[in-house]
Amino acid sequence: QLQLVESGGGLVQPGGSLRLSCAASGFTLDDYAIGWFRRAPGKEREGVSCMSRRGGRTVYADSLKGRFTISRDNAKSTIYLQMNSLKPEDTAVYYCAAAKKSPIVLGTWCTIGENSDYWGQGTQVTVTA
């Protein structure tokens, strides 16, 4: 079965850190741009961070620069999102996605992940005291 499987969400206090993982099952991520998206309660899905196929280019939501870091390990077909200095407004369901379209306009794809080939099931991140 071809899918993305996320892990690493949970409950954390403001200022804390979490690392999300997203593993590809049944395929490899080498030929895919990858990204993280989130949907907060009552809000639309938004892009968090995305990375090009070879990892040479990354984009981040302006409000998250310096706090979140995206990375990928193609040998493990896994992508990561390191989240530091978490705030209550980071509370959301986080989704990973992969897109094979080439070339891809990374910044455009990273707005909401339209035309992604695969989506993870989502993992809840709750930031609260």
Side-chain angles (χ1 to χ4, degrees):
Q1 187 175 2
L2 307 180
Q3 59 181 347
L4 295 173
V5 181
E6 297 147 355
S7 60
L11 182 67
V12 64
Q13 293 185 340
S17 298
L18 281 175
R19 189 176 82 153
L20 305 182
S21 299
C22 173
S25 175
F27 68 105
T28 61
L29 287 169
D30 303 52
D31 295 328
Y32 291 82
I34 52 93
W36 289 96
F37 301 81
R38 69 184 184 183
R39 187 192 301 271
K43 295 187 177 181
E44 298 295 317
R45 185 175 69 212
E46 64 175 353
V48 174
S49 181
C50 299
M51 177 177 280
S52 59
R53 290 186 300 161
R54 301 291 179 255
R57 183 162 182 252
T58 58
V59 296
Y60 291 90
D62 287 342
S63 62
L64 304 177
K65 288 180 181 177
R67 295 195 298 122
F68 289 15
T69 303
I70 190 172
S71 60
R72 66 191 297 165
D73 185 339
N74 284 350
K76 296 181 178 180
S77 286
T78 301
I79 65 174
Y80 305 96
L81 183 69
Q82 178 67 42
M83 306 185 293
N84 298 327
S85 303
L86 283 161
K87 304 175 181 181
E89 52 263 42
D90 295 319
T91 294
V93 178
Y94 284 72
Y95 301 88
C96 60
K100 197 170 186 179
K101 180 181 177 182
S102 181
I104 190 169
V105 181
L106 197 64
T108 299
W109 178 62
C110 207
T111 54
I112 59 170
E114 189 173 9
N115 296 323
S116 297
D117 293 281
Y118 298 101
W119 284 93
Q121 80 283 4
T123 186
Q124 177 70 47
V125 171
T126 302
V127 185
T128 181

Tell me whether Tyr80 shares a hydrophobic cluster with Val93, the cluster being built from Ile, Leu, Val, Met, Phe, Trp, Tyr side chains joined at under 4.5 Å. no
Between the side chain of Arg54 and the main-chain N/O of Asp30, is any donor-acceptor distance below 3.5 Å? yes
Distance-minimising heavy-atom pair for Gly56 and Ser52: N-OG, 3.2 Å
Flag if over 12 foreign heavy atoms under 6.0 Å of CD, Glu44: no
Distance (rounded to the nearest 0.5 Å) between Arg39 CZ and Tyr95 OH: 6.0 Å
Please check if the side chain of Glu46 supplies one atom and the backbone of Arg38 the other of a donor-acceptor pair under 3.5 Å. no
If you take all heavy atoms of Ala99 and Ile104, which pair is closest and at what distance? CB-CD1, 3.8 Å
Side-chain (Tyr32) to main-chain (Ala97) donor-acceptor, under 3.5 angstrom: no
Considering non-hydrogen atoms only, spot the tightest contact between Cys110 and Phe37 and give its length. O-CE2, 3.7 Å
What's the verdict on side chain to side chain contact (heavy atoms under 4.5 Å, CB included) for Leu81 and Phe68, showing C-alpha distance, side-chain angles and the deciding distance? CA-CA 7 Å; Leu81 183 69; Phe68 289 15; 4.2 Å; yes
Would you confirm whether Arg67, through its side chain, and Ser85, through its main-chain N or O, come within 3.5 Å as a donor-acceptor pair? yes
Minimum heavy-atom separation for Ser17 to Gln82, with atom names? CB-NE2, 3.9 Å
Does Arg72 use its side chain to pair, donor to acceptor, with the backbone of Arg53 at less than 3.5 Å? yes
Do side-chain atoms of Gln121 reach the backbone of Glu6 as a donor and acceptor pair under 3.5 angstrom? yes
So how far is it from Tyr118 OH to Ser25 OG, rounded to the nearest 0.5 Å? 10.5 Å
Applying the 4.5 Å side-chain criterion to the ILVMFWY set and letting contacts propagate, would Leu4 and Ile79 be lumped into a single cluster? yes
Checking the side chain of Thr91 only, and the main-chain atoms of Val127 only, is there a donor and an acceptor separated by less than 3.5 Å? yes
Closest non-hydrogen contact found for Ser116 with Trp109 is OG-NE1, 2.9 Å
If you count every heavy atom of other residues, nucleotides or ligands that lies below 6.0 Å from Gln124 atom CD, does the total exceed 12? yes
